[in-house]
Every structure is written in C-alpha cells, then in structure tokens.
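For reference, the structure is listed below as structure tokens.
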Number of protein chains: 2
Amino acid sequence: MNDDGPVAACPIGPVVDIVFSRWTTPILLTLHNDGRLRFVELHRRIGGVTAKVLTDRLRRLERDGLVTRTYFAEVPPRAEYEITELGRSLSPVFASLAAWQSEHLGEVEAARGRFEA
Amino acid sequence: MNDDGPVAACPIGPVVDIVFSRWTTPILLTLHNDGRLRFVELHRRIGGVTAKVLTDRLRRLERDGLVTRTYFAEVPPRAEYEITELGRSLSPVFASLAAWQSEHLGEVEAARGRFEA
DNA sequence: CAGAATCCGGTATGATACTG
DNA sequence: CAGTATCATACCGGATTCTG
C-alpha cells in the first residue's frame, strides 16, 4: 500500500502555501532583482495589485521570514522592504520553474489548442 | 530602469498558474508515484477534496496535457487517469521544492514563532 | 506616503442529490 | 462507478475612505 493520507499525497504542501499564494512570486522576484524598495516603488513595479492586498502579502512574507520591513516614522512616512537570505534561498526553485516554462510552455499551449476539438 | 510591467515582475506567472492551482500538486504527485489510477482510487488517496473539485482539476490538467483520461463506457463505468511525459517533466520542479522545504521549513516556522512578539 | 478600516461582489470551493 | 447539476458559502481581492 502506498497510502499515508493527504500528507503523503502532497509532501510539498507547506512550501506551496508559503511561496505560491497569489502575488507572492512577483513580490519576491522584484525584491530579489531590484533590491530594497519602498512601498510605492514596489507597488508601482508589480502593478495590478491593490495596496491592501500588497500589504497583506508583505505582512505574510515578513511573518514567514522571507522579507524584512523597515519603517521610518517620518513625514511623509516611509517603509522599505528587502528580501532576506531565506527569501534568496528560493532562487533554485524559481530557476527550475523558469527552466520548465521556457522548455515546456509551448507543449501546454499546444495541448490546449488540441483540447478545443 | 527595470520596469517592463507585470510580465517582467513575474516571468514565471504562467507555470505557477498551470501547476499550483489548489489540489493540482497532490494529484500530479500521486499519479506520478502510483501510476495509472481510476477515479475513485485517486480520490481516496488524495482525500479531503470533493468529487466535483477533483473532476474540475483533472479536466484542467487534461486540457493542459499533464494528464490523460481514458474512459470505459462499461457497467459500472470506469475512468483511468495517468500522468503524461509532460507531467513527468515537472519532476525537477517538485524536487527543488521538496529540497527547499526540507532545508528551510524550520526557519520559516522559527520566523513565525518570533513574529508572535 | 504608508497603511488601516470598511464595505462589497465574484470566484472558488463545498455539500447534497441526481443520472447514465 | 464516474460523474453532473444545483444550491449554499466562504474567502479572497478590489474600491473607497480615513488616519498619522
């Protein structure tokens, strides 16, 4: 038998929850590539997401230790976000995803085309 | 400038959509590890998902060419699902996720603990 | 500027009953 | 058995407004 329940069926469940909630990948990639950024700047570079949702995601990423938040109680206030070492350690994961995509996305699109029949 | 819009912010968007919709990872992993399975068997091994949702996911995976569906119009009817070569090609991706998790999940949990303060 | 608070609608998901 | 159909709901995610 090969049945240890749902946990065995998806041993990678935890990572998926941590890394692939919506908007988390563009956030992590942007902070990874562009370095420390203020809130507005990050917001601008990602695009399409509302401030509320972006804030929510950043909080979660901060909680999980993937990004750091530095707040300056000035006028106007400022908040800067930066990816952590732990966040950077996801590089190989993103690299493998990018590799798979560049190699196989065409096949997926072809399959979708065929499916319309 | 480093701003080519949302696409540049998340170049891996397409793969993420294809592979990390809910329940897709346990489905793919189970079919990868256990081979061709009928609907009920697959349903039983995954657990926690309803037949409706499982059907939806399988349709989508079939459409994307990651899984094949073979239907037998017998009595009682039978449907067998199997992962495709394209689906198997995701192995390295899952491997990198598993590796990251086994190495860094502890740090995430530690960060979460610290965050409660 | 950075974000909190509030309200609201759509989609995803779930439970249940039914069909070939 | 392998779904589909229907209904209910829960959870994002978005728009708007407000505050320090």
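Naming convention: chains lettered A, B, ... in sequence-line order (proteins, then strands); numbering from 1 in each chain. Keep in mind that this is a model prediction, so the values were computed, not measured.
- Atom pair R59(A):CZ and dA5(C):C1' shows a separation of 14 Å (rounding to whole Å applied).
- When the side-chain nitrogen and oxygen atoms of R60(A) are compared with OP1 and OP2 of dC12(D), none of them lie within a distance under 4.0 Å.
- What separates NE2 of H43(B) from C1' of dC1(D) is a distance of 13 Å, to the nearest Å.
- Toward the 5' end of DNA chain D, the nearer of the two residues E74(A) and A51(B), judged by each one's closest nucleotide, is A51(B).
- Taking every heavy atom of residues 61-70 of chain B and every atom of DNA chain D, pairs under 4.0 Å involve R69(B), by number.
- Between the P atom of dA2(C) and the CZ atom of R78(A) lies a distance of 9 Å, rounded to the nearest Å.
- Here the C1' atom of nucleotide dA2(D) and the CG atom of L37(B) are 15 Å apart, to the nearest Å.
- Evaluation of the salt bridge (Lys or Arg N to Asp or Glu O under 4.0 Å) test over residues 48-67 of chain A, restricted to residues two or more places apart or in two chains, returns D64(A)-R112(B).
- Listed by first then second residue, pairs satisfying salt bridge (Lys or Arg N to Asp or Glu O under 4.0 Å) with a partner in residues 96-110 of chain A number zero, not counting sequence neighbours.
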Decide yes or no on side-chain contact (heavy atoms from CB on, under 4.5 Å) for V15(A) and I12(A), but give the supporting numbers first. CA-CA 6 Å; V15(A) 216; I12(A) 60 171; 4.1 Å; yes
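- Taken together through direct or relayed side-chain contacts under 4.5 Å among Ile, Leu, Val, Met, Phe, Trp and Tyr, W100(B) and L105(B) form part of one hydrophobic cluster.
- dG3(D) atom P lies 11 Å from atom CG of D56(B), rounded to whole Å.
- Using a 4.0 Å heavy-atom criterion, one finds that Y81(A) contacts the sugar-phosphate atoms exclusively.
- The pair R38(B)-E41(B) does not meet the salt-bridge criterion, since no charged nitrogen lies less than 4.0 angstrom from a carboxylate oxygen.
- As a whole-Å value, the separation of L54(A) CG from dA2(C) C1' is 11 Å.
- Closest approach to the F39(A) side chain among dG3(C), dG20(C), dG3(D) is made by dG3(C) (side chain taken as heavy atoms from C-beta onward).
- DNA chain C is contacted by both P76(A) and T55(A); P76(A) maps to the nucleotide lying nearer its 5′ end (nearest heavy atom per residue).
- The nearest whole Å value for the distance from the CG atom in L58(A) to the P atom in dA4(C) is 11 Å.
- For S96(B), the side-chain contact (heavy atoms from CB on, under 4.5 Å) partners are V93(A), S96(A), not counting sequence neighbours.
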Which atom pairs, one a donor and one an acceptor, fall under 3.5 Å between side chains of residues 75-82 of chain A and the rest of the protein, sequence neighbours left out?
| residue | atom | partner | partner atom | Å |
| --- | --- | --- | --- | --- |
| R78(A) | NE | E74(A) | OE1 | 3.3 |
| R78(A) | NH1 | E80(A) | OE2 | 3.1 |
| R78(A) | NH2 | E74(A) | OE2 | 2.8 |
| E80(A) | OE1 | R36(A) | NH1 | 2.5 |
| Y81(A) | OH | R69(A) | NE | 3.4 |
| E82(A) | OE1 | R36(A) | NE | 3.2 |
| E82(A) | OE1 | R36(A) | NH2 | 3.2 |

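- Here the P atom of nucleotide dC1(C) and the CD atom of E41(A) are 11 Å apart, to the nearest Å.
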Do any N or O atoms of the protein come closer than 3.5 Å to N or O atoms of nucleotides 14-16 of chain C, and which pairs are they?
| residue | atom | partner | partner atom | Å |
| --- | --- | --- | --- | --- |
| dG14(C) | OP1 | R22(B) | NH2 | 3.4 |
| dG14(C) | O6 | K52(B) | NZ | 2.6 |

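- Note that CG of L90(A) and CG of L28(A) are 6.5 Å apart. Values are rounded to the nearest 0.5 Å.
- Checking side-chain atoms of H43(B) against main-chain N and O of V49(B) turns up a donor-acceptor pair under 3.5 Å.
- Ranking dA2(C), dA4(C), dC1(D) by closeness to the V40(B) side chain, first place goes to dC1(D).
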